[in-house]
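Reminder, nothing fancy here: chain letters follow the sequence lines and each chain counts from 1. Every heavy atom of this structure was used, including side-chain atoms; hydrogens, water molecules and symmetry mates were not. Small disclaimer: the values here were computed from a predicted structure and weren't measured.
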Amino acid sequence: MDPKVALDTVWVLVTGMLVFFMNLGFATVEAGMQPAKNCVNILSKNFVVFAVTSLVFWMFGFGLMFGDGSPWLGLQGIWGLHGLDNSPATGDAYQGVYSALNWTGVPLFAKFFFQLVFAGTAATIVSGAVGSRIKYLSFIVFSCIMGTLIYPVTGHWIWGGGFLAKMGFWDFAGSSVVHSVGGWAALTGALILGPRIGKFGPNGEVRATPGHELSLATLGTFVLWLGWFGFNPGSTMAADPEAISRICVTTNSGGIAAALTATITSWLLLGKPDLGMTLNGLLAGLVAITAGCAYVSVESSLIIGAIAGVLVVLAVMFFEQKLKIDDPVGATSVHLVNGVWGTLAVGLFSQDVYMPNTTGNGLLFGGGAKLLMAQLTGVAAVAIFTLVVSAVAWWLLKATMGIRVSAQEEIEGLDIGEHGNSAYPDFVVRKTFPVTSGAMSASAEPARR
Amino acid sequence: MDPKVALDTVWVLVTGMLVFFMNLGFATVEAGMQPAKNCVNILSKNFVVFAVTSLVFWMFGFGLMFGDGSPWLGLQGIWGLHGLDNSPATGDAYQGVYSALNWTGVPLFAKFFFQLVFAGTAATIVSGAVGSRIKYLSFIVFSCIMGTLIYPVTGHWIWGGGFLAKMGFWDFAGSSVVHSVGGWAALTGALILGPRIGKFGPNGEVRATPGHELSLATLGTFVLWLGWFGFNPGSTMAADPEAISRICVTTNSGGIAAALTATITSWLLLGKPDLGMTLNGLLAGLVAITAGCAYVSVESSLIIGAIAGVLVVLAVMFFEQKLKIDDPVGATSVHLVNGVWGTLAVGLFSQDVYMPNTTGNGLLFGGGAKLLMAQLTGVAAVAIFTLVVSAVAWWLLKATMGIRVSAQEEIEGLDIGEHGNSAYPDFVVRKTFPVTSGAMSASAEPARR
Amino acid sequence: MDPKVALDTVWVLVTGMLVFFMNLGFATVEAGMQPAKNCVNILSKNFVVFAVTSLVFWMFGFGLMFGDGSPWLGLQGIWGLHGLDNSPATGDAYQGVYSALNWTGVPLFAKFFFQLVFAGTAATIVSGAVGSRIKYLSFIVFSCIMGTLIYPVTGHWIWGGGFLAKMGFWDFAGSSVVHSVGGWAALTGALILGPRIGKFGPNGEVRATPGHELSLATLGTFVLWLGWFGFNPGSTMAADPEAISRICVTTNSGGIAAALTATITSWLLLGKPDLGMTLNGLLAGLVAITAGCAYVSVESSLIIGAIAGVLVVLAVMFFEQKLKIDDPVGATSVHLVNGVWGTLAVGLFSQDVYMPNTTGNGLLFGGGAKLLMAQLTGVAAVAIFTLVVSAVAWWLLKATMGIRVSAQEEIEGLDIGEHGNSAYPDFVVRKTFPVTSGAMSASAEPARR
């Protein structure tokens with residue numbers, strides 16, 4: 001057995017496991033940042049979304065994304081990985097229907113496992129933005145659509161040998177493929193669902209909607225941080241020592257720069273260092289460095305992150321105060337805004353020296369605007385497709401099975417309505433937001449079960 | 001140094017660490033699914049059980065399980081790994097007293113570390129089923145017996161070169177060795193302890209006993225899911241790229257199929273999708289695929305998991321409503337029922353092509369009933385031994401030091417009685433179950449400290 | 001590409017990720033062991049400290065610690081890793097300014113990543129001891145000083161080829177470099193800050209200050225335990241199969257022996273098995289075995305751990321009852337006392353056979369007192385430097401920006417004062433400690449937001 005194949009496989013699987021673990025991160029960040037009365041619902045969504053994605057991505061998604069066929073969509077090897085494939089053979093020695101992945105010398109099941117955990121991430125991004133008001137079943141159906149169609153199609157364009165890949169668009173670990181796709185679908189969902197009852201007052205004033213457990217949200221952010229050390233360095237899909245070491249450092253640098261600038265920005269704008277902004281800042285920086293982590297210097301990663309940290313704070317305020325879009329966890333500000341920023345940053349900060357013969361130099365390193373233009377094109381193409389298809393999907397769901405729980409259920413909490421359950425039956429839980437009448441009252445009422 | 005030895009060792013240690021991490025999963029699942037007033041006790045048990053197992057498995061367990069000697073029990077190299085051993089030499093080159101592990105080319109301490117974390121898992125399974133009423137010290141003593149005797153003996157039969165191994169019984173990663181052994185011991189404990197006060201009403205009606213923190217239970221299930229990517233693929237004890245990649249995928253498929261069918265089954269039977277059932281469904285599927293993960297196709301793993309998800313919901317209801325057995329977290333339904341199902345499934349779904357010259361084909365793939373009969377024999381042998389020895393152990397403990405806390409302590413909560421502590425002193429905690437008198441009241445009373 | 005370099009890099013990065021994950025462990029242990037009203041502040045500190053350390057250790061710390069130059073301090077390659085370096089070349093083939101790390105054959109960025117996560121750990125140790133009363137910004141500034149100066153200087157002495165290394169002082173994975181340095185800085189901080197209001201009564205009596213969520217603290221301890229499997233075995237910085245396997249086992253043995261003896265000691269002294277003591281016992285054992293994990297037998301690791309478990313319980317009582325030092329989480333008892341103990345234990349228990357030509361034999365294995373004397377000298381040197389520099393730093397901060405929040409803010413909770421936030425807005429939280437007037441009352445008052 002080739003020792004390189006064995007080591008690369010171990011690397012791909014272990015980093016894939018870390019990416020899988022991000023599901024725990026998303027579940028706890030989203031639960032912690034929303035009210036206790038919707039906690040069971042949020043956890044259920046985040047748990048089942050990976051199960052559903054695992055099924056549909058195995059059935060259809062992987063083949064549509066990586067199968068040979070057309071610039072728009074994979075057409076071969078679609079059902080259950082049953083296409084011809086002689087992995088771990090690579091390059092010219094590769095014979096099979098998933099040629100877009102013939103650069104990595106690991107078995108097909110390792111490729112599938114790693115791509116599956118990425119697909120699961122994209123679907124999970126949506127759940128936060130539509131939280132605290134979406135019907136459980138409608139969310140599950142939408143997740144099927146994400147994993148079967150939306151994610152694989154745009155993914156095919158970029159990572160599956162499709163038209164954006166051919167055009168010279170680069171997204172190393174998925175600022176666009178994963179995060180902005182998830183972000184656009186999340187934005188569409190939040191828009192079509194509308195804000196939670198009481199989020200905006202009669203005169204359009206924004207009401208604070210605190211999460212119920214910041215220790216849970218912080219825990220989840222640490223888990224996501226860990227997971228990103230799988231997400232980015234693992235995307236080499238090979239244990240290339242120089243590359244994976246450097247990517248670990250650029251990834252961390254992008255994240256921490258953003259955590260620091262988001263903390264400072266919130267301190268300046270809000271008067272106090274807001275923990276939620278620090279956490280979302282870290283995530284924003286990680287999202288932003290994802291596209292370029294392999295192509296940029298540590299210094300550049302710090303700059304990309306620093307900008308991401310400011311962007312996310314401004315975006316949260318802009319979406320909420322100006323656009324009146326209710327995204328309970330800031331998923332669009334983190335994943336969409338910074339997914340786009342990170343994708344464009346590749347066009348600015350890339351240096352040919354890091355991955356010779358891939359990106360070339362970006363605008364700031366003497367490479368001209370060519371790369372930046374390709375990145376812009378890719379951002380636009382992904383935006384248009386994902387917006388349109390997501391919107392159609394949400395509208396179809398709305399017209400058929402409905403997507404929003406009743407007002408009474410929303411006020412009472414989705415846990416009782418959707419699941420007949422309560423996350424914290426032994427604790428005295430206050431129904432903080434939204435309340436039935438008047439302003440946000442703080443009256444202590446025992447939880448009903 | 002042989003690079004294969006180094007890589008295999010890294011794989012065994014890293015996957016072993018993931019299995020170790022399952023201790024956090026068990027602790028939080030069990031704590032989250034039981035009342036807040038017993039939380040310190042549950043956490044303490046789950047923490048100390050691994051410490052105790054580490055000690056006794058090093059002193060005796062490993063040698064009794066893997067030492068050469070007899071078909072029933074290891075007889076050599078019992079104390080502190082001090083037998084002759086020239087690992088990482090393998091096969092005919094191996095010279096030592098742990099020949100049952102001579103197929104894996106890693107140092108003895110790597111073998112020990114990996115087997116130790118498995119032993120810890122078996123002991124932990126018991127703690128959930130006997131929760132909320134067992135004496136702390138009695139549980140610790142029982143754990144010593146598990147790690148010293150019960151787990152190593154049946155383990156020797158199957159993985160230590162004992163009589164079941166020789167008979168052609170196969171259990172790749174421990175549906176029987178770990179889960180059904182833990183499950184039988186758990187069942188015996190739950191039976192001999194009897195149900196919690198108030199669990200069954202005067203007319204035998206079953207009372208709901210909600211856990212106190214479903215976010216903790218969900219977190220724990222995600223951690224266990226991650227841990228299983230160590231448990232099953234790591235059981236190759238070698239970085240065989242094809243095998244470990246495939247096992248990652250069959251493991252995940254078994255789990256998610258069960259999570260989905262358990263969700264649907266609970267939705268149909270209970271009217272709502274119950275999160276606890278979704279979580280236990282995932283675990284049931286993972287338990288069921290554990291024995292066969294290396295021997296079956298992805299399609300078969302989905303079927304094995306799908307059946308496990310239905311089984312676990314029916315088992316929970318059956319144990320509770322028909323047999324009136326009180327198992328607060330459903331450990332027997334998850335680990336025992338599906339440990340047995342997974343072991344038998346090897347006899348049905350195995351295909352020789354995946355691990356040539358091991359299982360051969362199962363009943364559904366043209367191999368006849370031979371394998372299934374061997375699996376049935378193994379299930380029966382493990383059941384009889386574990387039931388008898390566990391029962392004797394529990395009865396001896398009951399007759400000497402006692403195994404159950406006083407009724408007053410049980411009602412007040414074990415945290416105060418056993419540990420003089422409270423898990424949540426800053427929160428207003430309601431004593432939900434069992435209550436001193438009358439039906440389940442929801443009166444808010446401040447926690448005493 | 002050299003396959004050994006690739007495998008060693010994977011090992012260093014994966015174990016580094018586990019050490020990074022210890023940040024989650026510290027955050028949750030510290031949060032869980034302190035009141036709910038300070039939870040946002042504690043989480044914020046533990047989150048931002050790693051961000052700050054990442055920045056300053058990249059800018060200055062790594063070069064000061066590992067750069068060539070003098071026995072006291074690195075003088076070359078200080079800014080942003082921009083020194084000459086031809087890693088992964090090793091030994092005589094190495095050309096560069098970080099020669100102290102030329103024994104490990106991995107890329108420079110892998111060395112940096114691994115050392116960075118260690119630096120982050122040292123800074124985090126401080127946060128627990130100064131918790132519940134320190135100003136957020138002052139803690140951040142002190143963390144900068146830790147990561148820029150204190151940690152790198154003593155680290156240079158020991159791991160950077162400085163005077164202690166040359167003298168024959170050995171600290172394999174950092175009982176001194178990380179834990180006692182963090183511990184001395186923590187002790188100084190706790191002393192200069194003074195105890196929390198109400199911790200000691202008018203007659204000097206000690207008041208109990210329970211943490212607010214023991215499930216969180218237990219979770220964190222499990223995460224730290226996992227992280228230690230990166231910390232110690234990863235410190236080989238090479239996938240040496242024999243060494244990493246053995247270190248996994250000695251690490252675990254040291255930890256569990258201490259968990260057991262701490263549990264027993266607390267049971268005997270306090271009448272009940274205290275969960276907090278069990279958790280701190282495990283950590284104490286892990287700290288103590290860190291220096292010697294590569295040099296001692298499993299039997300010795302059990303003895304070192306067993307002593308650590310007794311030491312930590314006595315130290316907690318001694319610091320609190322005799323010295324009247326208020327360390328809310330016992331950080332000094334865990335990291336300082338046992339960091340020192342573990343460093344000295346190298347002088348007692350080391351055996352030349354495990355790492356030939358490094359430590360030689362310790363006092364108990366016929367090596368005489370030479371090694372023990374070197375260890376004592378190192379302990380004293382680290383103590384004096386860290387105490388003096390930390391004290392100066394804390395005093396400077398106190399004189400300029402102030403280090404302690406106002407009494408009103410401390411009583412009200414730091415979350416509101418420092419962050420304008422609350423960790424648990426949906427729950428009814430009691431302000432347990434300290435209270436405005438009288439003894440610790442248990443009156444339920446709704447949390448203010």
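- For B:Leu18, the part lying near chain A is the side chain, with the backbone staying farther off; criterion is any non-hydrogen pair under 4.5 Å.
- In this structure, chain A has a heavy atom under 4.5 Å from the side chain of B:Trp267, while its backbone stays farther away.
- Within the 4.5 Å cutoff, side-chain heavy atoms of B:Val298 are placed close to those of A:Trp58.
- Formation of a donor-acceptor pair under 3.5 Å by the B:Lys272 side chain with backbone atoms of A:Asn421 is not found in this model.
- In this structure, the portion of B:Leu282 lying under 4.5 Å from any heavy atom of chain A is its side chain and not its backbone.
- Minimum heavy-atom separation, A:Ala6 to B:Ala239: CB-O, 3.6 Å.
- Relative orientation of the B:Phe21 and A:Phe21 rings is perpendicular, given thresholds of 30° and 60° on the angle between their planes.
- Contact of the B:Pro273 side chain with the A:His419 side chain is registered, since non-hydrogen atoms from C-beta on lie closer than 4.5 Å.
- Comparing B:Asn252, B:Asp274, B:Leu270, B:Leu216 by heavy-atom pairs within less than 4.5 Å of chain A, the highest count is held by B:Asn252.
- With a 4.5 Å cut-off on side-chain heavy atoms, B:Trp11 and A:Leu13 count as touching.
- Proximity to chain B (any heavy atom under 4.5 Å) is restricted, for A:His82, to the side chain, taken from C-beta onward.
- Only the side chain of B:Leu260 has a heavy atom closer than 4.5 Å to any heavy atom of chain A.
- Ring centers of B:Phe229 and A:Phe20: under 6.0 Å apart, within the cut-off.
- The most heavy-atom pairs under 4.5 Å with chain A, out of B:Ser215, B:Ala259, B:Gly230, come from B:Ser215.
- Here B:Leu226 is the residue among B:Thr263, B:Leu226, B:Thr218 with the most heavy-atom pairs under 4.5 Å with chain A.
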Under the criterion side-chain contact (heavy atoms from CB on, under 4.5 Å), I'd like the reasoning laid out for A:Phe427 against B:Arg430: C-alpha separation, chi angles, the key distance, then a yes or no. CA-CA 6 Å; A:Phe427 295 92; B:Arg430 296 180 290 149; over 6 Å; no
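- With a threshold of 4.5 angstrom between heavy atoms, B:Val223 approaches chain A through its backbone and through its side chain.
- Your options are B:Leu275, B:Leu279, B:Asp8, and the one with the most heavy-atom pairs under 4.5 Å with chain A is B:Leu275.
- For chain A, the nearby part of B:Leu302 is the side chain; its heavy atoms alone come within less than 4.5 Å.
- Between B:Phe222 and A:Phe50 there is no side-chain heavy-atom pair separated by less than 4.5 Å.
- Comparing B:Thr221, B:Leu214, B:Thr15, B:Ile247 by heavy-atom pairs within less than 4.5 Å of chain A, the highest count is held by B:Leu214.
- To the nearest 0.5 angstrom, B:Met277 atom CE is 13.0 Å from A:Ser44 atom OG.
- In this structure the side chain of B:Tyr424 never reaches within 4.5 angstrom of the side chain of A:Asp426, judged on heavy atoms.
- In this structure, the portion of A:Ala27 lying under 4.5 Å from any heavy atom of chain B is its side chain and not its backbone.
- Heavy-atom distances place the side chain of A:Glu213, and not its backbone, under 4.5 Å from chain B.
- A 4.5 Å side-chain heavy-atom check between A:Thr9 and B:Ser245 finds at least one atom pair inside the cut-off.
- A:Val10 is listed as a side-chain neighbour of B:Ile244, based on a closest heavy-atom distance under 4.5 Å.
- Only the side chain of A:Leu219 comes within contact range of chain B, with heavy atoms under 4.5 Å apart.
- Inspection of non-hydrogen atoms places A:Pro107, A:Phe109, A:Ala110, A:Phe112, A:Phe113, A:Leu116 of residues 102-117 of chain A under 4.5 Å from chain B.
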